[in-house]
Structure formats: structure tokens, C-alpha cells
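Data block below; observations after.
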Amino acid sequence: MPIDRRQFLQSSAAAALVALAREGSAGAADDGRLGFESVPATLRDAVTLPPGYQAQVLYPWGAPTGIAGAMPAFAPDASNSADDQALQAGMHHDGMHFFALDGRSDRGLLVLNHEYTDERLLHADGAKPWTADKVRKSLHAMGVSVVEVELGPAGWRQVLPSPFARRIHGRTPMRIAGPAAGHARMRTAADPGGRRVSGTFSNCAMGVTPWGTYLTCEENFQAYFGGDKQTLAGIGPAERRYGLGTGSWSDYWQADERFDLGRHPNESNRFGWVVEIDPFDPASTPVKRTALGRKHQESATCALTRDGRLAVYMGDDSSFEYIYKFVSRDKVRPGSDAAARAANRDLLDTGSLYVARYDADGRGRWLELRHRHGGIDGASGFADPAEVLIHARLAGDIAGGTRMDRPEWIAIHPGSGEAYVALSANPLRGAAGMPAADAANPRAGNVFGGILRWREDGRDAGSLGFSWDHFALAGDPAIEGAGVRYPDAQADAFGNPDGLVFDSGGLLWIQTDMSGRAIARAPLAALGNNQMLCADPATGRIKRFLVGPAGCEVTGCVLTPDRRSLFVNIQHPGETREGASGTPNSAWPDGTAPGSARPRSATVVVRRRDGGIVGT
Ligand code: FEO
Ligand code: CA
Ligand code: CA
């Protein structure tokens with residue numbers, strides 16, 4: 001176990017004095033960048049922060065969502081019903097945004113994803129046997145939460161009840177829009193028109209539009225569909241490309257025929273999309289935007305083009321998949337009030353979709369996925385424009401995109417417009433029969449991941465050409481021959497970057513997702529638990545800011561407009577090396593030792609004790 005310097009220091013009286021002195025002078029460091037003391041890598045089962053910072057658990061799984069008259073309390077023995085769960089925080093918190101109310105930094109709507117479920121923790125008697133009720137509860141535990149939060153003298157609190165509070169989940173009625181709406185491949189027995197769908201799930205990263213709506217991204221949807229042996233044997237190549245039939249995480253199909261690929265083969269085509277949600281209107285219907293293409297949708301990061309249209313950058317998180325960009329046909333109507341939201345209501349339904357190609361000379365191109373263009377046509381398996389979107393991965397193959405090492409979040413620098421993408425890992429790179437290392441993905445057997453960035457030509461998000469380089473090739477620099485490269489020799493080491501967010505001051509927050517199987521083992525042993533680091537691209541400095549509890553992933557990050565409160569999600573604390581079959585190795589945040597309480601994913605708020613700007 002790595003030496004936990006912070007813990008060690010706290011145990012000594014002398015260090016306590018040092019810490020006091022630091023806190024006393026913290027105000028003077030307000031203008032500095034990365035003025036905090038690095039947190040050493042640690043395996044502590046707690047949220048560990050730099051001296052002078054404090055964390056508060058705000059919104060754990062099971063917290064009542066705050067709808068007047070319907071606020072079922074969390075039952076620690078998991079005896080809450082499926083109906084209760086639909087009115088409580090979901091599990092496995094992920095991407096998140098703070099929508100300020102009236103421009104304030106002390107009151108706003110926190111909107112966050114719930115990515116997946118741990119059935120052992122969700123149901124009092126575990127996952128098996130599957131029942132229709134368990135499927136309902138599980139679906140209700142994914143999706144999105146909208147909660148109103150407020151800063152008071154005692155810290156942040158959830159406003160209960162709140163007229164904005166809302167749970168959107170795997171059974172919430174939603175609309176399908178854009179070129180694939182109504183297409184034959186989108187029609188099912190329950191929805192013969194192909195325009196209405198029940199819910200969203202596998203909600204990973206996110207985006208925010210300039211007009212103030214939230215984009216939630218459907219990532220590992222394939223893991224909820226299944227079927228009997230004969231069905232799985234008959235799955236076609238396009239479906240296989242999306243991972244269908246390669247193993248499910250939750251065998252819903254045994255209790256709910258909607259998820260049986262043999263009975264309803266088109267249902268899975270209705271997932272893998274970006275879903276737009278208006279958090280300010282709790283009665284609004286979420287909309288799946290098919291013009292943005294179907295993939296294992298990780299992120300949907302928005303930027304304005306020079307001429308005022310919207311660009312949406314998207315990662316497709318699987319080994320050897322692509323990075324995408326959507327550019328709207330129409331210009332964005334400025335503003336984020338109700339009138340702007342109404343004016344931009346259909347903006348995401350028409351535009352062009354591209355995949356990225358990263359060339360060896362440091363240049364790159366956006367390659368359009370357009371029907372009857374560049375060999376994407378009936379002869380290559382695309383009957384019409386909608387099929388190009390439904391099977392965007394296959395169109396990307398024909399266009400000649402660069403197959404990446406698992407593209408995750410994409411963050412845009414608020415000043416330069418440079419885009420940074422986290423590439424979490426790809427151990428299969430260079431293996432027999434697999435794509436070899438290339439300029440953009442330079443390491444065979446890539447277990448560490450890295451961060452790549454690009455600059456669009458003319459600093460215009462609408463450009464079709466760009467220049468790129470690596471910001472970091474992550475990993476433990478002590479391991480020889482691992483090809484680790486940080487922008488600064490003093491950088492704190494990390495592995496498997498996933499979450500990536502720029503704050504308004506241009507600091508880059510990096511979050512890691514080493515799997516439970518990999519934590520504390522070679523080659524990641526020295527890196528401790530999953531964590532959040534802060535990088536200053538202006539200097540290349542990278543400092544570890546927060547380390548999460550045992551087994552967790554750190555994901556989802558947003559700061560208030562004044563940058564004095566930082567919201568971050570602790571996802572799946574307690575995940576062990578054995579995955580779903582192991583006993584959780586954490587009881588965070590309710591228990592003291594593993595086994596003393598069900599571990600719960602939760603939103604945490606981090607603030608400086610002196611009220612200063614976080615990360616400076
Ligand atoms: Fe849901 Fe790719 O992380
Ligand atoms: Ca992620
Ligand atoms: Ca992840």
C-alpha cells in the first residue's frame with residue numbers, strides 16, 4: 001500500500017500546526033492556480049481532500065427526490081418498492097450539471113445521471129430470481145435526477161419539496177425525434193409508429209446546450225438486452241457491433257419481454273442516443289435526438305461555431321470506436337430563457353454528423369457520415385439516411401475514422417476552444433487480429449489510457465480540419481517502458497481517465513475509472529483508489545485533488561458559477577476485484593467498516609473552509 005502522506009501528517013502535532021498556517025494564508029492564494037497541496041495516492045476508504053477543503057454528502061442513492069406529497073424515505077435494507085425508487089435518487093451517479101437559478105451560485109438545479117445498477121444492493125434478496133417488479137425497480141434506479149439545491153449557513157441542502165424535482169428513468173415516456181424517428185428499425189409492437197419510447201438508461205456522461213437544456217447520453221444499453229441461446233446465436237453483425245448478445249449485466253429479458261432480443265429485436269435500436277431534457281420544465285417530455293447518431297454514447301459536449309451553429313462533440317466508449325461531431329444546420333438563437341429554449345426546440349434534429357480521423361502528421365479531418373456519399377449507400381448496407389444514424393459505427397468504418405482507445409468525456413477549454421478527450425484504455429490494442437498502435441493511440445496493450453487534444457482550424461468548431469497532440473499518456477512513470485508522458489515532470493500520476501471537465505477559469509478536472517479488478521494491483525498499484533486531479537493546461541501542472549473511497553469511480557463534476565462549490569459524484573463505492581460476486585469492500589458513506597451498511601453512490605459537495613475558489 002502506498003504511504004498515505006496526508007494521513008501520516010494528520011497524525012502529527014507539528015503537521016497540524018502547518019495545516020493551520022496554510023489555512024490561515026489560503027486567502028492570499030486566491031489568485032494562484034492549483035494552490036492546493038496535492039493529495040497522495042491512497043487506498044483509504046474515504047473521500048480524501050487537500051488541507052483546507054471539506055466535503056459534504058448531498059444526494060445519495062435512495063434520497064427522496066422532493067416532489068410534494070411523494071417523498072418516500074430510503075430504506076437501508078433495500079426494501080423500498082419499485083414505485084418508491086421512481087421518487088428517489090437512482091444508483092451509480094455519473095455525469096452532472098448545475099443550472100444556476102437566477103444566475104446565483106447559492107441556488108440551482110442539480111441534474112445528474114444514474115448510469116447502472118448493482119442488483120445485489122438494490123433488492124433486499126439480491127438479483128435472482130428476476131421478477132417483473134425487480135426489473136421495474138432497476139429501471140427506476142437509472143436515468144436522470146433533477147433536484148433543487150441551496151447553500152445555507154450549514155452548507156448545501158436539497159430543497160424538499162421542490163417544484164422542479166423530477167426523476168426521469170427507464171420507464172419515463174419520451175419522444176424520438178430527428179431523421180430516424182418513425183423508421184422501420186425503430187418500430188416495435190408497443191410503438192408501431194417508432195416515435196415513442198419508454199425511458200432512458202445507461203446514462204453516462206452528458207452535455208449542456210447554450211439554451212439551457214441537459215443532454216444525457218445512453219452508453220452501455222446493450223447490457224440490458226438478452227435472449228435464449230438460439231436468439232443470441234442469430235444476432236446479426238450490425239447488432240454485434242453494438243455489443244448486443246455479448247453478455248448482459250442484468251437479465252431483464254427473463255422477466256420483461258421488452259428486453260428479449262428474440263421477441264422485440266428493434267427495441268435495442270431505440271437506445272444508444274443523446275436525450276435532451278429541459279430541467280426547468282418538470283412537465284416536459286424528454287427527446288431522443290437521432291441526428292446525433294447511435295453509439296455507446298459517452299459525452300455530448302457543446303460548442304458554438306464561428307457562424308453561430310451548434311457543434312456537439314461525442315465519444316463512443318468501446319475499444320476501437322470513434323470520436324464524433326455533430327454540426328447543426330441552423331444557427332442557435334442566443335439566450336437560455338424559456339423563449340430561447342422554445343426557439344431552439346428542434347435545432348438538434350437537423351445537421352451533419354462526422355467521425356474524426358487523426359493523421360500521423362498531427363493533422364486531422366472530420367469525415368462526414370452522409371447517405372450516398374463516400375461509399376455509404378445501399379450497396380454498403382445503408383438503405384436510407386436513418387440507417388446511417390442507427391448504425392453510425394458501421395458508417396464510420398466506411399468513412400475511415402480513427403479507431404480509438406475508448407473515447408470518454410470531451411471537454412472544451414473556455415478560452416481557446418481546444419477540445420480534450422479522455423481515452424480510458426484499450427488493452428487489446430495491437431493484440432493478434434486487432435488494430436495496431438497508431439499515432440493517436442500509440443501504445444499497444446494500453447492499460448493506462450491518456451488525454452488527447454485538438455485545435456479546430458481557425459478556432460472554429462465548425463471546421464473540418466484540425467491539429468492534434470497528446471496532453472498526457474497516463475500511467476505510473478516508475479514502470480519502465482510503459483510509455484508514460486505527462487506535460488510536467490512534477491505531475492501527479494493517474495490511470496484510466498474518464499470524466500473530463502473544464503471550469504470557467506480554464507482548469508481541467510480529470511476523473512479516473514480504474515476498474516475494481518485493477519485497483520491496488522500491478523500495473524496500477526501505486527495509483528491508489530480512483531480520484532480526481534486538476535490540471536492547468538497553461539503550465540502543464542497536474543495535481544491530485546481528491547481520492548475516493550474503496551472500489552468507487554469518481555465521475556461527474558461541475559462548479560457553481562462563482563467556483564466556490566464543486567459537485568462531484570462518487571459512483572459504486574465498494575466494487576471489488578470480484579465484481580458483482582464479491583462482498584462490497586466499502587460501506588461509504590453510511591457505515592464505518594465494510595459490511596456495516598450498504599455502500600451508496602452519492603453526490604458530494606466540496607468547498608474550501610475559507611470560502612475561496614476551488615482549485616486555486
Ligand atoms: Fe460510463 Fe465510459 O464510462
Ligand atoms: Ca464515463
Ligand atoms: Ca466509466
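Whatever order the structure lists ligands and atoms in, that order sets their numbers, starting from 1. Side chains included, hydrogens not; waters and symmetry mates left out as well; all remaining heavy atoms used.
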Discussion item. Listing request: all salt bridge (charged side-chain N to carboxylate O under 4.0 Å, His left out) pairs with a residue in residues 544-555, at least two apart in sequence or in separate chains.
Written reply: none

Fill in: Residue D498, metal atom 2 (Fe) of ligand 1, N/O/S under 2.8 Å
no

Worksheet, complete the sentence: The angle formed at the Ca ion (ligand 2) by OD2 of D498 and OE2 of E298 is about (to 10 degrees) 120°

Item to complete: Decide whether N496 and S424 meet the rule of one side-chain donor and one side-chain acceptor closer than 3.5 Å.
Response: no

Response to the item:
Taking the Ca ion (ligand 3) as the apex, E553 OE2 and D513 OD2 span an angle, rounded to 10°, of 80°

Worksheet item: Rounded to 10 degrees, what angle sits at atom 2 (Fe) of ligand 1 between E219 OE2 and E408 OE1?
Response: 150°

Practice prompt. May I ask you to establish whether R289 and F326 are in a cation-pi arrangement, using a distance under 6.0 Å from NZ or CZ to the six-membered ring centre and at most 45° from the ring axis?
Written response: no

Worksheet entry | Closest approach to atom 2 (Fe) of ligand 1 by D317, given as the N, O or S atom name | OD2

Practice prompt. Just say parallel, tilted or perpendicular for the rings of W366 and W454, cut-offs at 30° and 60°.
Written response: perpendicular

Item to complete: Could you tell me whether the side chains of T42 and T48 share a donor-acceptor contact shorter than 3.5 Å?
Response: no

Worksheet item: Got a sec: is D513 within less than 2.8 Å of atom 2 (Fe) of ligand 1 via an N/O/S atom?
Response: no

Worksheet item: Is the ring centre of Y486 less than 6.0 Å from the ring centre of F494?
Response: yes

Practice prompt. Measuring from atom 2 (Fe) of ligand 1, name the closest N, O or S atom belonging to E298.
Written response: OE1

Discussion item. Please determine whether D317 has a backbone or side-chain N, O or S atom lying under 3.0 Å from the Ca ion (ligand 3).
Written reply: no

